[in-house]
> 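One structure coming up, written as structure tokens, with questions to follow.
Nothing here was measured: the structure is a model prediction, and the numbers come from that model.
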Amino acid sequence: MKTMLGKRAVSSLISLFVLIVMVFFLSRLTGDPAALYLPVDASEEMRQNFREIHGLNDPVIVQFGRYIGDLVQLDFGESLRKARPAIDVVLEAFVWTLWLALITMALVSVAAIVVGSIAAFNVGRPFDRVASVLSLIGASAPDFWIAIVGIVVFSVSYGLLPTSGTGTVWHWILPIAVLFIRPFGLILQIVRGSMINALGSPYVKTARAKGVKNRPVIFVHTLRNAMLPVITVIGDQAAALLNGAVVVETIFGFPGVGKLMIDSILQRDFNVILAAIMVTAIAIFLMNILIDIAYALLDPRIRT
Amino acid sequence: MTMTDTSDTVRAEEDPAKPVSGLRRVIAMLWADKLAFVAALFLLVIVLCAVFGPMFLQDMAAKTNLRARNAPPFELERGFFFILGGDALGRPLLARIIVAAQNTMMVAAGAVVASMIIGSALGLIAGYTGRWVGEAIMRLADVIMSFPSLLLAVIVLYMLSPSIANLVLVLAITRIPIYLRTTRAEVLEVRQRMFVQAAIVMGASNFRIVFKHILPVILPTLLTIATLDFAFVMLAESSLSFLGIGIQPPEITWGLMVSQGRQYLTSAWWLAFWPGLAIILTTMSLNLLSSWMRIALNPTQRWRLEIGAKKNG
């Protein structure tokens, strides 16, 4: 387990480094920030001065060396737009996204496991059919479209929910509902399949034959074994939630890291993009480790 | 295997004049799963729209008509193609959806085919050749996998200029690891089987072993994944077009149509609704077809569909 963690950490670090190199050089190709941040009638001298202050006059390779040098001292540079340390800007936004993702994934996991298990106990009955169709629709629907339809129905027609911002609890309902749908559909299908497998397995049959009561059979024998593939998928979906977060945050004006990334790319705020990528990648790495630990807790065979 | 063989002979006896053709057998198996049948039919219609739609409807889809601006749906007085309503410039929505099918399908098909070919080729190399090359290829896949694919596409597309070619390229790159990992895992397993060992012993060339013995075994898995992935790529393209960094006007895709309809949400919901529905129905059909393929392409499971086909037919 420990050597595996170490290996993971090294390969993740390499992946992250390649990503940073790629984005660093690609982002310098998008254009000159001076053209964006100074007024149109700024003199050439002012532009030169701006580039000098932000170190944009050096060759790109020198800029990169300086960036990496600062990075190992945990200095992520300044945000051009906000004139504050980039990492502060990113972490602020990241907390919003983290909450959004945590609440959504908690709801999704509970709902998918409950509904999926009930469906597995009633294979072929109406409940199972309805759950299967719903999960199929959920897995197929584009999130931005659901968001728009949600706005039309709940905000425009009935005026029940606000369309953007984060002020009250009501502001969170639509974004969470939209993010909820796709992972719910996918995880539900996995839970159902895995539960059906576990219910037909020899150890469950043995337990039933021994006269174990229904409740322990479900919670100890079946559910615990059926959870292994489910946990993997929950981990994948939690990472994929960031995909949805870009779209959902943009539509609902949610100040999370997805919206921040898009904004800072548009505004050529290079340091913020890179810091956001690093923070996200580290978060995904930590989450994968959590998944591994959960896996080990459930499956004694891995605990070596 | 035996189940398939017997059902084949039974069918051949029923109609001794000609052997059961491949196509008829596929249709019979589709018919056994009614949902998959409907899905396949729907996809066929979409493909026909994508291929022939722009040829016939391009002009109509581009012709503005200010009197039909935001025309409500379900009214036939302006002609059949206004049945879903008109857009902000009075262009018939149905015609636009049909024309947009081409770009939507082309981007998704391009990305899926490219990532499948490159991914499975790399997977074959990684699984079949030495450890060192394989490791290097797998690490490359890890780099791509380490970050959410849509986020990666957003970042790269903002930096490159958004065009159809770049869109296909970016989507293909983000999907390569899926095929790479599956192919490699399957190759590692299939390589150990008796018939491959036998071919090696008989002195078959590497080329022959890979293409004649290994690839046919893993192709069904790859095709099933590709069908599912097509839906995913379509959703990704729609999201990117929706965010304004995918397809650029005057080209249209369904995702872009949803995005253009967004500003008229309060007054004309149908502008964003119909193209979104087209996306949902297509991805749903692909999901259904993929789960059908998982059974139909698996020789040990196929009998389920063939028995069903006989019962119904």
Side-chain angles (χ1 to χ4, degrees), chain A residues 8 11-12 14-19 22-23 25-31 133 135-137 139-149 151-153 155-157 163 182 185 189 239-247 250-251 257-258 261-262 264-266 268 273 276-277 280-281 284-285 288, chain B residues 35 135 138-161 174 228 231-232 234-245 254-255 258-259 261-262 265-267 269 271-273 275-288 291:
Chain A
R8 257 265 181 81
S11 88
S12 299
I14 296 172
S15 302
L16 184 58
F17 184 74
V18 174
L19 204 64
M22 204 184 76
V23 174
F25 287 100
L26 269 178
S27 62
R28 308 286 139 157
L29 295 177
T30 54
V133 170
S135 74
L136 178 69
I137 296 175
S140 316
D143 30 25
F144 58 89
W145 186 74
I146 305 246
I148 282 183
V149 173
I151 288 179
V152 169
V153 173
S155 306
V156 179
S157 300
T163 55
R182 194 168 333 157
Q189 279 168 356
L241 207 62
L242 288 167
N243 286 338
V246 177
V247 174
T250 310
I251 293 179
V257 80
M261 273 194 206
I262 290 201
S264 44
I265 293 170
L266 285 178
R268 295 178 196 156
I273 305 172
I277 288 174
T280 319
I284 291 175
F285 171 72
N288 281 331
Chain B
L35 276 176
E135 274 296 305
M138 291 310 285
R139 289 288 83 80
L140 213 66
D142 282 348
V143 173
I144 302 175
M145 295 275 281
S146 70
F147 210 66
S149 57
L150 187 68
L151 224 49
L152 200 63
V154 166
I155 294 169
V156 175
L157 269 180
Y158 261 122
M159 292 167 186
L160 306 171
S161 58
T174 56
L228 207 59
F232 184 90
M234 236 186 76
L235 286 180
E237 178 270 319
S238 321
S239 302
L240 290 171
S241 294
F242 177 80
L243 290 172
I245 46 176
W254 292 337
V258 174
S259 139
R262 191 179 158 201
L265 274 188
T266 45
S267 52
W269 54 268
L271 260 58
F273 183 81
L277 196 67
I279 298 174
I280 286 203
L281 289 178
T282 311
T283 45
M284 216 157 81
S285 302
L286 286 162
N287 279 332
L288 285 170
S291 56

> What is the minimum heavy-atom distance between A:F144 and B:S238, and which atoms define it?
CZ-CB, 3.4 Å

> Quick one: what part of B:F242 sits under 4.5 Å from any heavy atom of chain A, side chain, backbone, both or neither?
side chain

> I need the residue from A:I14, A:I262, A:I137, A:T250 with the largest number of non-hydrogen atom pairs under 4.5 Å to chain B.
A:I262

> Between A:A239 and chain B, with a heavy-atom cut-off of 4.5 Å, which part of the residue counts as in contact: side chain, backbone, both or neither?
backbone

> Going by side-chain hydrogen bond (donor to acceptor under 3.5 Å, both in side chains), name the residues that satisfy it together with B:T174, two or more places apart in sequence or in a different chain.
none

> Taking only residues two or more places apart in sequence, or in another chain, which ones meet B:S285 in a side-chain hydrogen bond (donor to acceptor under 3.5 Å, both in side chains)?
none

> Among A:D143, A:I277, A:I146, which residue forms the greatest number of heavy-atom pairs with chain B at distances under 4.5 Å?
A:I277

> Given a strict heavy-atom distance threshold of 4.5 Å, which part of B:L277 is in contact with chain A: side chain, backbone, both, or neither?
both

> Does any backbone or side-chain atom of B:A231 lie under 4.5 Å from a heavy atom of chain A? Answer side chain, backbone, both or neither.
neither

> Please report the closest heavy-atom contact between A:P142 and A:R182, naming both atoms and the distance.
CA-NH2, 4.3 Å

> Step by step, work out the side chain to side chain contact (heavy atoms under 4.5 Å, CB included) result for B:R262 and A:I251.
CA-CA 10 Å; B:R262 191 179 158 201; A:I251 293 179; 4.1 Å; yes

> Do you know which of B:L140, B:L35, B:I279 has the most heavy-atom pairs with chain A at a distance under 4.5 angstrom?
B:I279

> Who wins among B:A272, B:A236, B:G261, B:G276 for the most heavy-atom pairs under 4.5 Å with chain A?
B:G276

> Just so I understand: if I count every heavy-atom pair under 4.5 Å between each of B:L286, B:L235, B:I245, B:T282 and chain A, which residue has the most?
B:L235

> Only pairs of heavy atoms separated by less than 4.5 Å count here; which of A:I148, A:I284, A:I273 has the most with chain B?
A:I148

